[in-house]
Protein chains: 2
Amino acid sequence: MENKTAVTALAALAQESRLAVYRLLVQAGTEGLPAGKISEIAGIPPSSLSFHLKELSYAGLVTSRNESRFVIYSANFSAMNELLAFLTENCCGGQACLSITTPVCDGNCDD
Amino acid sequence: MENKTAVTALAALAQESRLAVYRLLVQAGTEGLPAGKISEIAGIPPSSLSFHLKELSYAGLVTSRNESRFVIYSANFSAMNELLAFLTENCCGGQACLSITTPVCDGNCDD
DNA sequence: TCCATATTTCAATGATAATGGAAATATAAA
DNA sequence: TTTATATTTCCATTATCATTGAAATATGGA
């Protein structure tokens, strides 16, 4: 992962509404949630939410799919794992630290 | 960890210079690095670096200690672990995901 | 004390981001 | 086709952040 990619992802998360939305989606798992439901749960007006979801999408942290009239958003777990790995990369000069070698979540808990 | 605390930490990391500095300190381990050395390695002018280090300190991501005329900065590993845990908390609704239960790095690799 | 070095603070400028109502678009059910 | 619902785009306003040279401060050595 490149520094700029990580900055984009971190900037997307560095905002109260977006962080709340992202965590909601992490907890929702691969099934995801429709935009309206997110708006309702997080208490964010639709237009603001749309703006924030676009930021999260652009950063690659969430993906969306269409289901009838609904747009369902879900967390991109591999993007999250790459970000966490980037932050902890070569920790303490690569000595015997408990660096992440396995992903934190494979995003397939619902199988 | 509270949402606002996490936003502060993420905002501190969501900037190219600061992310580079932070990763440098993560790699440096508990020993840390003096400000001048960071400025030199990262290619950031002292006044800019000072501004960025203050942001990282305020966010609790780095700490500093004085050693003669030098100010030595080092990464706060427990803050990082709390942040990572917060991001992945209750992932997939708390099902059998590989959630972090052990810290990624204890920051004591040099012992 | 005096000087050299390390780091921080100050200040002015320029750039980027957040907000939410109203209007536009899209989809599907009646 | 008409209507209701879901979501996005547009826009103007407001707020916050990044940059860096010059000056100030702090510390230790000569």
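Chain naming here is simple, since letters A, B, ... match the order of the sequence lines and numbering starts at 1 in each.
- The nearest whole Å value for the distance from the CZ atom in A:R69 to the C1' atom in C:dA30 is 11 Å.
- Put simply, CD on A:Q15 is 18 Å from P on C:dT16, counting in whole angstrom units.
- Following rounding to the nearest Å, A:L19 (CG) and C:dA18 (C1') show an atom-to-atom distance of 16 Å.
- When rounded to the nearest whole Å, the span between CD1 of B:I72 and P of C:dT7 equals 8 Å.
- Counting only heavy atoms from C-beta outward, the side chains of A:S57 and A:V62 approach each other to under 4.5 Å.
- Nucleotide D:dT7 holds its P atom 14 Å from the CD1 atom of A:I44, rounded to whole Å.
- The only option from B:V71, B:L25, B:I72, B:I44 that meets the side chain to side chain contact (heavy atoms under 4.5 Å, CB included) definition with B:I38 turns out to be B:L25.
- The separation between B:L56 atom CG and D:dA18 atom C1' is 14 Å, rounded to whole Å.
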Any N/O pairs under 3.5 Å between the protein and nucleotides 8-12 of chain D? List them or say none.
residue: D:dT8; atom: OP1; partner: A:Y73; partner atom: OH; Å: 2.5
residue: D:dT8; atom: OP2; partner: A:S50; partner atom: OG; Å: 3.4
residue: D:dT8; atom: O5'; partner: A:S50; partner atom: OG; Å: 3.4

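- Under 3.5 Å, the side chains of B:N76 and B:S78 contain a donor-acceptor pair of N or O atoms.
- Considering only heavy atoms from C-beta on, B:V26 stays 4.5 Å or farther from A:N90 through its side chain.
- For C:dT19, the OP1/OP2 oxygens have a side-chain nitrogen or oxygen of A:H52 closer than 4.0 Å.
- Distance CD (A:E67) to P (D:dT7): 11 Å, rounded to an integer number of Å.
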For a quick test of your reading: what N or O donor-acceptor pairs under 3.5 Å do the side chains of residues 5-17 of chain A make, sequence neighbours left out?
residue: A:T8; atom: OG1; partner: A:K4; partner atom: O; Å: 2.9
residue: A:Q15; atom: OE1; partner: A:S17; partner atom: N; Å: 2.9
residue: A:Q15; atom: OE1; partner: A:R18; partner atom: N; Å: 3.1

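- If you check D:dT19, C:dT19, D:dT7 against the side chain of A:S17, the one that comes closest is C:dT19.
- Side-chain contact check for A:F51 versus A:E55: some heavy-atom pair is nearer than 4.5 Å.
- Listed pair A:R18 / C:dA18 meets the phosphate criterion, a side-chain N or O lying under 4.0 Å from OP1 or OP2.
- B:F70 places its CZ atom 12 Å from the C1' atom of D:dG29, with the value rounded to the nearest Å.
- Between B:L49 and B:V21, the closest side-chain pair of non-hydrogen atoms falls below 4.5 Å.
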